[in-house]
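Everything quoted here is computed from the prediction, not taken from an experiment. Letters A, B, ... are given to chains in the order of the sequence lines, protein chains preceding strands, and every chain is numbered from 1.
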Protein chains: 2
Amino acid sequence: MPAQPASGAAPRTPLNRERVLQAAVSLADANGIESLTMRKLGEAVGVEAMSLYNHVANKVDLLDGMIDVVFSEIELPSDDDGWKTAMRRRAVAARAALSRHRWAIGLMESRTSPGPATLRHHDAVIGCLRNAGFSFELAAHAYAALDSYIYGFALQERGLPFDSPEETSALAQAMVAQFPVDEYPHLAAFTFEHVLQPGYDFGKEFEFGLDLILDGLERAFGAG
Amino acid sequence: MPAQPASGAAPRTPLNRERVLQAAVSLADANGIESLTMRKLGEAVGVEAMSLYNHVANKVDLLDGMIDVVFSEIELPSDDDGWKTAMRRRAVAARAALSRHRWAIGLMESRTSPGPATLRHHDAVIGCLRNAGFSFELAAHAYAALDSYIYGFALQERGLPFDSPEETSALAQAMVAQFPVDEYPHLAAFTFEHVLQPGYDFGKEFEFGLDLILDGLERAFGAG
DNA sequence: ACCGTACGCTTACGGTGTAAGGTGGGCCGC
DNA sequence: GCGGCCCACCTTACACCGTAAGCGTACGGT
């Protein structure tokens with residue numbers, strides 16, 4: 001007695017990889033990656049867990065696909081503006097995507113076997129730098145430096161307990177109250193006199209480091 | 001019939017948290033974090049899985065403890081040399097530790113509730129910058145930028161399929177042969193003419209970006 | 001009309017973290 | 001000397017995980 005009782009004729013759109021991936025991304029966004037299981041994902045798309053294997057090879061394939069979805073959301077750099085503003089915009093867009101999908105950065109380990117959107121992204125970035133006149137070597141330096149920074153920042157940002165600066169501040173206060181202040185004097189002073197000060201927002205730090213790297217690259221480009 | 005048959009009198013050292021953590025680190029180093037299970041860890045220290053719960057609260061507590069072990073291996077920055085060389089040495093040491101324990105960077109998500117070695121580390125870094133004359137704000141900028149870069153680089157490095165540049169190169173060749181070269185021309189050119197060239201080693205990129213950031217910080221410090 | 005294939009289902013297995021409760025030896029106060 | 005407690009260890013059990021294997025049915029092509 002599967003499907004329909006002869007008369008009804010349901011929508012009959014038979015599910016595909018893309019819908020599975022989108023559902024997985026939504027589920028991970030909402031409940032965290034650790035609670036994304038094949039059974040719950042199946043339930044979300046109205047199917048038993050095992051049926052998902054008609055559209056993904058296994059769970060790591062699913063995760064690979066999800067990462068590719070994230071990359072597909074990052075706007076590609078254009079050659080029209082200079083390399084510097086193109087790289088800056090790409091970095092900001094990448095951080096935004098990784099911040100929308102906090103689970104993504106933790107999945108970068110399975111980054112072996114990149115998807116098409118991921119490859120297209122890398123291709124566009126390298127193309128932008130090369131067209132601007134970067135040597136292969138300097139392009140490699142630049143790409144490694146920028147991506148390391150972006151990924152690392154996303155990693156630290158994800159480590160923050162809560163989303164808004166206010167929540168984080170409240171929780172930082174509770175945390176700092178737990179440990180012996182006199183054992184970590186600099187850390188305590190830093191927390192009280194800077195982090196817990198109104199207006200502090202870790203997210204704001206992103207642009208400082210980004211511009212540090214971009215300016216350094218500009219100098220290296222000019223010198224080379 | 002537990003323990004000893006009356007006469008023997010075994011060593012009778014009853015296991016403690018530290019031995020559990022050390023064994024967990026060794027196991028993760030050897031076989032990867034995903035194969036570190038409570039049962040295998042128990043077996044490694046000669047105990048049933050459930051007995052481990054006398055020394056760790058649960059698995060995330062175990063993972064927190066393992067991260068603290070990693071931090072404890074990173075030499076603290078000293079105030080004797082200038083801040084720049086101190087920060088440089090710390091960065092190199094941190095990368096080395098994260099590279100020795102490739103599983104660690106993927107655990108930074110559970111970085112809530114830092115252990116004592118982690119706190120001591122943060123305290124020493126902030127202290128070094130403050131003693132050198134950094135304002136709280138610039139110290140925050142500097143710390144965020146450096147740590148983002150270090151963590152992100154470790155993340156990318158861990159993504160590499162194998163350890164030695166030669167192995168990676170061989171595998172990159174196999175990977176690049178799989179995808180349509182004409183769809184990703186810049187990526188293909190970059191791979192063939194730079195990455196697959198003899199002597200290329202992604203690990204070397206670390207120092208370039210690191211010095212970019214340190215030089216930028218020095219300039220910002222001088223200007224402020 | 002037929003058949004192959006794609007897509008869904010059910011069942012089952014080994015492995016996971018850990019809650020609950022039992023057992024025995026070492027150490028304390030009497 | 002000895003009763004009792006505590007604590008490290010054990011066994012058992014449970015819910016949940018990814019997924020192998022196999023089965024039925026609906027649909028598109030010939």
What about R39(B): does its side chain form a donor-acceptor pair under 3.5 Å with the base of dG17(C)?
-> yes
Rounded off to whole Å, could you give me the CG-to-P distance for the L62(B) and dG17(C) pair?
-> 10 Å
Is the cationic atom of R95(B) (NZ for Lys, CZ for Arg) positioned less than 6.0 Å from the six-membered ring centroid of F206(B) and within 45 degrees of its normal?
-> yes
Just how far, in rounded Å, is C1' of dC10(D) from CG of L52(B)?
-> 12 Å
Which whole-number value in Å describes the distance from L27(B) CG to dT16(C) P?
-> 12 Å
Provide, to the nearest angstrom, the distance between the CD atom belonging to E48(B) and the C1' atom belonging to dG21(C).
-> 16 Å
Should H55(A) be listed as having a side-chain N or O under 4.0 Å from OP1 or OP2 of dG8(C)?
-> yes
Atom CG of N54(A) and atom P of dA26(D): how far apart are they, to the nearest Å?
-> 16 Å
If only side-chain N and O atoms of T37(A) are considered, is one of them under 4.0 Å from the OP1 or OP2 phosphate oxygen of dC17(D)?
-> yes
Which whole-number value in Å describes the distance from M38(B) CE to dC10(D) P?
-> 13 Å
K40(B) has an atom NZ; how far is it from atom P of dG15(C), in whole Å?
-> 9 Å
More 5' along DNA chain D: K59(A) or M50(B), using each one's nearest nucleotide?
-> M50(B)
Among side-chain atoms of R19(B) and H55(B), is any donor-acceptor pair under 3.5 angstrom?
-> no
Can you find a side chain N or O atom of S51(A) that sits less than 4.0 Å from OP1 or OP2 on dC7(C)?
-> no
Walking DNA chain D from its 5' end, the first of A57(A) and S35(A) to be reached, judged by nearest nucleotide, is S35(A)
Could you tell me which non-hydrogen atom of V56(B) sits nearest to which non-hydrogen atom of D61(B), and how far apart they are?
-> CA-OD2, 3.6 Å
Please work out which of the three classes, parallel, tilted or perpendicular, describes the rings of F136(B) and H194(A), given edges at 30° and 60°.
-> parallel
Calculate the interatomic distance between R19(A) atom CZ and dC7(C) atom P; express it in whole Å.
-> 12 Å
